[in-house]
Amino acid sequence: MRSRPIGFLLSTLAGAALAFGGATATASANPPSAPETGSASVGAARAADGCYTWSGTLREGSSGEAVRQLQIRVAGYPGTGNQIAIDGAFGPATKAAVTRFQAAYGLAADGIAGPATFNKIYQLQDDDCTPVNFTYAELNRCNSDWSGGKVSAATARANALVTMWKLQAMRHAMGDRPITVNGGFRSVSCNSAVGGAANSRHMYGHAADLGAGSQGFCALAQAARNHGFTEILGPGYPGHNDHTHVAGGSGRFWSAPSCGI
């Protein structure tokens, strides 16, 4: 796990100062609502985060950028075989994902995102918005600027961020043991150089190839079914006996015959 930056500590102290001073954070995208069950008041929420700061409470029916940012962080909790849309609309699927996220971390699991949920997310993310246990560098061993794929560089990088949050959820579910990422995004030329499929999701930033680590390829492939990965390829599938491939994106294709998938 990476060390938290000094900005994290300063913002935490700032949040504590607000709480003790009785100040109340203002809501941005949503009207004031009751604080999250079992949580501190909105005024006790952290004042600022180096990546993104939520204010107020988000619930089913909310919409906007605050919801979209939340969806990225709970993308790994869609339920077995599912994937939530990152569309800024807080519907039933987002509520279910928030509920699973809350349950995974011992929070009041009501599907309403308030201070306790946001504070847990703040603990899980670095100032560049990546989850604490994964980096952009791990998800791109092809080039430094995310260019040359099947989508724009910005889209490829954004897709990789969602992939990392799915991996963070999977890591937590597997006992918080490190997950080895051997590669992710590929430009068309990088994909060709390694003999990747012509329609590989690596070229969209959706995919990651995982090493066995302490879990083993099959355990990784089996766990991936629960964390928003619509493509899972592993042992028994041609060319995948030495890694487990996971990816998001449209459609679903799971094949790891040696693992019962």
Side-chain angles (χ1 to χ4, degrees), residues 4-5 7-8 10-12 14-16 18-19 23-79 82-105 107-132 134 136 154-155 157-166 168-169 172 205 227-228 248:
R4 306 301 300 181
F8 173 86
L10 292 174
S11 59
T12 301
L18 281 177
T24 303
T26 57
S28 55
N30 299 281
S33 53
E36 185 173 8
T37 304
S39 73
S41 68
V42 173
R46 210 162 71 224
D49 181 76
C51 165
Y52 184 84
T53 302
W54 287 269
S55 57
T57 298
L58 299 176
R59 62 179 72 235
E60 191 168 2
S62 298
S63 62
E65 180 62 15
V67 173
R68 194 184 73 84
Q69 292 288 339
L70 175 64
Q71 289 169 327
I72 292 170
R73 277 60 167 191
V74 300
Y77 293 91
N82 295 321
Q83 178 176 238
I84 69 167
I86 312 298
D87 59 4
F90 198 130
T94 298
K95 179 180 180 180
V98 170
T99 300
R100 294 186 188 97
F101 173 87
Q102 292 167 328
Y105 286 99
L107 306 177
D110 56 6
I112 299 171
T117 298
F118 298 137
N119 284 335
K120 174 52 66 175
I121 292 173
Y122 297 146
Q123 293 171 16
L124 292 173
Q125 71 183 7
D126 279 326
D127 284 352
D128 65 353
C129 301
T130 60
V132 293
F134 298 93
Y136 281 116
T155 297
R157 194 172 189 270
N159 289 341
L161 181 63
V162 175
T163 299
M164 281 187 270
W165 280 100
K166 291 179 180 181
Q168 186 71 31
H172 183 61
H227 297 289

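- If you take NZ on Lys120 and OG1 on Thr117, they are separated by 10.5 Å, rounding to the nearest 0.5 Å.
- The two residues Val162 and Ala75 come nearest to each other via the heavy atoms CG1-CB, 3.8 Å.
- The SG atom of Cys51 sits 12.0 Å away from atom CG of Leu124, with the distance rounded to the nearest 0.5 Å.
- Here the rule is ring-ring contact (aromatic ring centres under 6.0 Å, His included) with His172, and of Tyr105, Tyr77, Trp165, Phe101 only Tyr105 fits it.
- For Lys95 (side chain) and Glu60 (main-chain N/O), no donor-acceptor pair under 3.5 Å exists by modelled atom type.
- Here the closest non-hydrogen pair linking Ile86 and Ile72 is CG2-CG1, 3.7 Å.
- Here the straight-line distance linking atom CZ of Arg157 with atom OH of Tyr136 works out to 4.0 Å at 0.5 Å rounding.
- Between Phe118 and Thr53 there is no side-chain heavy-atom pair separated by less than 4.5 Å.
- Minimum interatomic distance between Gln102 and Asp110 (heavy atoms only, all atoms of both residues): OE1-N, 3.0 Å.
- Within the model, atoms CG of Asp126 and CZ of Phe134 stand 12.0 Å from one another, a figure rounded to the nearest 0.5 Å.
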Run the numbers on Gln168 and Gln125 for side chain to side chain contact (heavy atoms under 4.5 Å, CB included), then give the verdict. CA-CA 10 Å; Gln168 186 71 31; Gln125 71 183 7; over 6 Å; no
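- When all heavy atoms are compared, the tightest approach of Leu70 to Trp54 is N-CZ2, 3.6 Å.
- We find the CZ-CZ distance between Arg68 and Arg73 to be 8.5 Å, quoted to the nearest 0.5 Å.
- Nearest heavy atoms, Leu107 versus Ala116: CD1-O, 3.8 Å.
- A heavy-atom distance below 4.5 Å is not found between the side chains of Val98 and Ile112.
- The structure places NE2 of His227 at 12.5 Å from CG of Asn82, a figure rounded to the nearest 0.5 Å.
- Considering every non-hydrogen atom in both Gln71 and Ala89, the closest pair reads NE2-O, 3.1 Å.
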